[in-house]
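Written out below as structure tokens is the structure these notes cover.
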Amino acid sequence: MTAPESSLPRDFADLEPFVAYWAGETNDIRWDRRSRAPMEQIRRFYDAMLPRADEALTYLEQFPLGEAPADATRLLCLLLSLPHAAMAVEFHRQPRAAASPFPHGMNVAKGPWPQGW
């Protein structure tokens with residue numbers, strides 16, 4: 001029996017369980033997923049991703065912006081969810097800021113390219 005393929009670079013296959021939920025392609029998607037996730041799920045992602053962040057950044061630096069292969073782009077999107085999770089874990093201690101409306105009415109239509117749109 002062969003091992004299932006990962007949608008991430010081989011050295012980051014252990015993060016595969018987080019891809020479907022946390023590797024949102026836009027900032028709005030990543031924010032919304034953090035806002036909807038229970039703290040237990042946020043904490044599991046945060047605890048798995050934080051120790052791998054420097055290694056992921058080092059890996060991603062080999063590609064010019066916008067020219068990374070699909071597996072590296074997914075890793076970037078996963079990495080970009082880490083600050084969202086960190087806000088919940090380190091600052092708010094809950095998925096959303098206290099007394100903040102949810103869902104909010106602001107939608108970021110365009111941002112830094114390529115993963116900010």
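All heavy atoms count here, side chains included; hydrogens, waters and symmetry mates do not. This structure is a prediction, so every number in the text was calculated from the model and none was measured.
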Query - Nearest-0.5 Å distance, CD1 of residue I42 to CZ of residue R93 - result: 13.0 Å
Query raised in the report: Side chains of F45 and L78: closer than 4.5 Å at any heavy-atom pair?
Result: yes
Query raised in the report: How far does CG of L76 sit from CG of D71, to the nearest 0.5 angstrom?
Result: 12.0 Å
Report task. Could you grab the distance from atom CG of D11 to atom OG1 of T58, nearest 0.5 Å is fine? Result -> 12.0 Å
**Report entry** Distance in Å, R52 CZ paired with L75 CG, rounded so as to fall on 0.5 Å steps
**Finding:** 8.5 Å
Query raised in the report: For A97 and H92, which heavy atoms make the closest approach, and how far apart are they?
Result: CB-CE1, 3.3 Å
Query raised in the report: Taking all non-hydrogen atoms of both residues, which atom of L60 and which atom of A72 are closest, and how far apart?
Result: CD2-O, 3.3 Å
Query raised in the report: Would M87 end up clustered with L79 when hydrophobic side chains under 4.5 Å apart are linked, directly or stepwise?
Result: no
Query raised in the report: Can you name the one residue among H84, R36, M39 that meets side chain to side chain contact (heavy atoms under 4.5 Å, CB included) with P95?
Result: M39
Query - Check: G24 main-chain N/O paired with R30 side-chain donor or acceptor under 3.5 Å - result: yes
Report summary line: For T73 and A68, the nearest pair of non-hydrogen atoms, with its separation, is OG1-O, 3.5 Å
Query - Side chain E16, main chain S7, donor-acceptor under 3.5 Å - result: yes
Report task. Return the set of residues passing side-chain contact (heavy atoms from CB on, under 4.5 Å) with R33 (not counting sequence neighbours), or none when no residue passes. Result -> Y21, I29
Query raised in the report: Looking at residues at least two apart in the chain, or sitting in another chain, which of them share a ring-ring contact (aromatic ring centres under 6.0 Å, His included) with F63?
Result: Y59
Requested in this report: Could you name each residue pair satisfying side-chain hydrogen bond (donor to acceptor under 3.5 Å, both in side chains) that touches residues 38-47, not counting sequence neighbours?
Outcome: E40-R44, R43-D47, Y46-E90
